[in-house]
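Okay, structure first, notes after.
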Amino acid sequence: MPQVRVRFAPSPTGPLHIGGVRTALYNYLFARKLKGTLILRIEDTDQTRFVEGAEEYIMDSMKWCGLVFDEGINEGGNCGPYRQTDRKHLYRQYADMLFDSGHAYYAFDSPEELDELRKKSEKEGKTFIYNAGVREKLSNSISLSDVEWNAKLDRGEPYVIRFMMPHDEDIHVDDIIRGHIVVNTGTLDDKVLFKSDGMPTYHLANIVDDHLMEISHVIRGEEWLPSLPLHFMVYRAFGWNPPAFAHLPLLLKPDGKGKLSKRDGDKLGFPVFPLFWPYGEKARGYREEGYYSEAFINMLALLGWNPGTEQEIFSMDELIDAFSLERVGKSGSRFDPEKAKWFNHQYLQKRTNNQLALEFREFLRAKGYHVDIVRLEMLVGLVKERVSFVKDIWEQTDFFFKAPEEYDPEAIKKRWQENTSAVLKELIPVLHDVADFTVPATESAVKSWIESKGYNTGAVMNALRLVIVGTLRGPQMFDIISWIGKEETIKRIEKGLFVIGK
RNA sequence: GGUCCAUUCGUCUAGUGGCUAGGACGUCAGGUUUUCAUCCUGGUAACAGGGGUUCGAUUCCCCUAUGGACUACCA
């Protein structure tokens with residue numbers, strides 16, 4: 001079996017969409033699974049769409065996701081350079097090869113002229129296709145005499161090099177995910193391979209580079225499926241064996257129709273990009289939102305692929321082990337932000353209290369709280385299972401750090417009875433007498449006091465919760481009061497009695 | 001409009017020429033709990049429609065519908 005070599009080839013035109021991350025991930029999994037080589041190639045042949053910072057963003061995203069490349073602009077390798085603008089000098093000779101072998105020709109039609117023709121056809125309800133049907137009537141090296149078009153060349157008139165698509169031929173192509181596809185060349189056009197600005201188009205650069213870099217499998221988004229017949233034809237014209245192809249299904253909007261876009265994220269409140277994008281129209285990222293990259297990757301892996309078992313939580317190594325292109329689905333997947341959260345919840349549960357305490361300490365530091373790590377470990381242990389993100393811990397524990405400023409009126413109505421004030425007043429000395437303010441000590445003291453007085457446990461505990469927390473929520477009461485300490489507990493009871501009590 | 005691709009619970013999906021069509025997320029109900037949440041148990045819910053082929057189709061074929069991608073000197 002020949003060496004497996006795959007590539008991820010994004011364009012630096014803005015932040016990398018999570019669909020792109022998934023494409024990179026599947027390439028990575030495939031390469032690792034088959035002990036192959038993964039290449040990062042930057043496809044920046046369209047200089048008009050180049051965006052500053054995008055290339056770096058791609059690298060940072062890959063790094064955060066744990067996707068490591070074997071060859072690329074940072075890693076180096078024997079097939080470089082790995083940025084297409086740095087390979088510019090290569091492409092012209094390949095376009096010429098196609099011209100010399102009669103598979104391509106020069107075309108002088110201006111974009112405006114072609115636009116005009118397209119509009120005209122559209123008005124007549126027809127589709128303008130630059131192909132065998134019309135190329136004789138347009139301005140190119142087929143329709144013009146050798147003298148004429150050479151004169152244009154000499155005069156420096158702008159031109160492109162187009163692929164000469166056969167008039168009427170059924171092309172059979174194979175895709176690992178879609179199977180066998182047949183397309184007639186009559187519906188295809190003479191695609192531009194080489195632009196008038198001296199740069200190749202995607203179609204030429206992609207094929208030349210994939211060939212030169214000895215790519216064995218092209219794994220890319222479904223948006224390329226319509227170009228597959230063209231790519232097969234170009235490989236054939238060069239006399240090269242094409243790689244195997246796998247076209248991945250698209251990521252769709254959670255609601256409504258169409259593919260996932262930045263707008264959906266803004267509208268529904270979830271990120272569509274791995275990292276925060278700080279330029280121009282800013283965009284939020286999964287990293288900044290508090291996702292663990294492992295959870296993000298796990299979630300993305302299961303969107304369009306499944307292992308055929310009921311396992312859902314996968315480490316990267318497990319993904320590599322289980323992955324195969326055959327188990328990638330054919331249809332587009334709607335993105336589900338709820339499930340994404342669930343994945344993060346699962347990963348957060350697997351963290352140790354120490355890890356979470358360290359992470360939460362960073363969060364607290366920003367709020368101006370400095371807490372001993374051992375106490376934080378206890379704290380996160382109390383609320384860990386109820387949160388999906390580290391930042392959620394704060395919402396669950398804010399009352400550990402500060403006394404309530406107001407008391408939930410609904411809760412007062414429900415839990416503050418005639419004798420509540422008197423009972424809580426009695427509780428103060430009981431707590432005061434607890435020497436070691438631990439959970440078991442406070443619990444046993446309070447419970448025996450309740451029993452001896454014949455009070456209702458629920459009533460006492462809820463009232464206590466109300467003055468300590470401010471509302472009816474949170475972990476076990478004894479965990480809370482033990483953590484905040486005797487002094488603070490009594491202070492809060494007194495304050496509660498003063499504000500609520502009569 | 002043209003070309004190509006797709007279609008199983010609301011969502012991600014498993015699956016088979018004969019199954020009570022399975023799991024997960026969500027949702028609903030019950031239980032546990034001093035509260036809330038978690039958690040546990042249970043429920044809800046799907047083979048787009050119509051023709052074939054077949055003893056029998058969710059599964060194979062065709063058509064329709066719907067959705068999507070592409071249709072640039074963008075990738």
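Model, not experiment: these values are computed from the prediction. So you know, we letter chains A, B, ... as the sequences are listed, proteins then strands, and number each from 1.
Atom NZ of Lys391(A) has more than 12 heavy atoms from other residues, nucleotides or ligands within 6.0 Å.
Using C1' as the reference atom, rG1(B) and rC47(B) are 33 Å apart when rounded to the nearest Å. Nucleotides rC5(B) and rG23(B) are separated by 34 Å at their P atoms, to the nearest Å. With both ends at atom C1', the span from rA46(B) to rG10(B) equals 10 Å, rounded to whole Å. Taking atom C1' on both rG67(B) and rA72(B), the two are 25 Å apart, rounded to the nearest angstrom. Atom name P, nucleotides rU58(B) and rG22(B): the rounded distance is 16 Å, in whole Å. Comparing the C1' positions of rG51(B) and rU13(B) gives an interatomic distance of 29 Å, to the nearest angstrom. For the C1' atom pair drawn from rC63(B) and rG43(B), the interatomic distance equals 39 Å after rounding to whole Å. The separation of rA45(B) from rU11(B), taken at their C1' atoms, amounts to 12 Å, rounded to a whole angstrom.
Asn306(A) places its CG atom 15 Å from the C1' atom of rU11(B), with the value rounded to the nearest Å.
Under the ring-ring contact (aromatic ring centres under 6.0 Å, His included) test applied with Phe270(A), the options Tyr291(A), Tyr286(A), Phe335(A), Phe296(A) reduce to a single match, Phe335(A).
Residue Thr187(A) places no side-chain atom within donor-acceptor reach of the base of rG2(B), judged by atom type and a 3.5 Å distance cut-off alone. Evaluation of atom-type donor-acceptor distances gives a pair under 3.5 Å for the side chain of Arg465(A) against the base of rU35(B).
Of the residues near RNA chain B, Ser333(A) and Lys126(A), the one whose nearest nucleotide (by heavy atom distance) lies more toward the 5' end is Lys126(A).
Using a 4.0 Å heavy-atom criterion, one finds that Gly304(A) contacts the sugar-phosphate atoms exclusively. Residue Glu122(A) is classed as having no contact, given no heavy-atom separation below 4.0 Å to the nucleic acid. Arg49(A) comes within 4.0 angstrom of a base, heavy atoms only. Residue-level contact check: Ser110(A) touches the bases, meaning some heavy atom is under 4.0 Å from a base atom.
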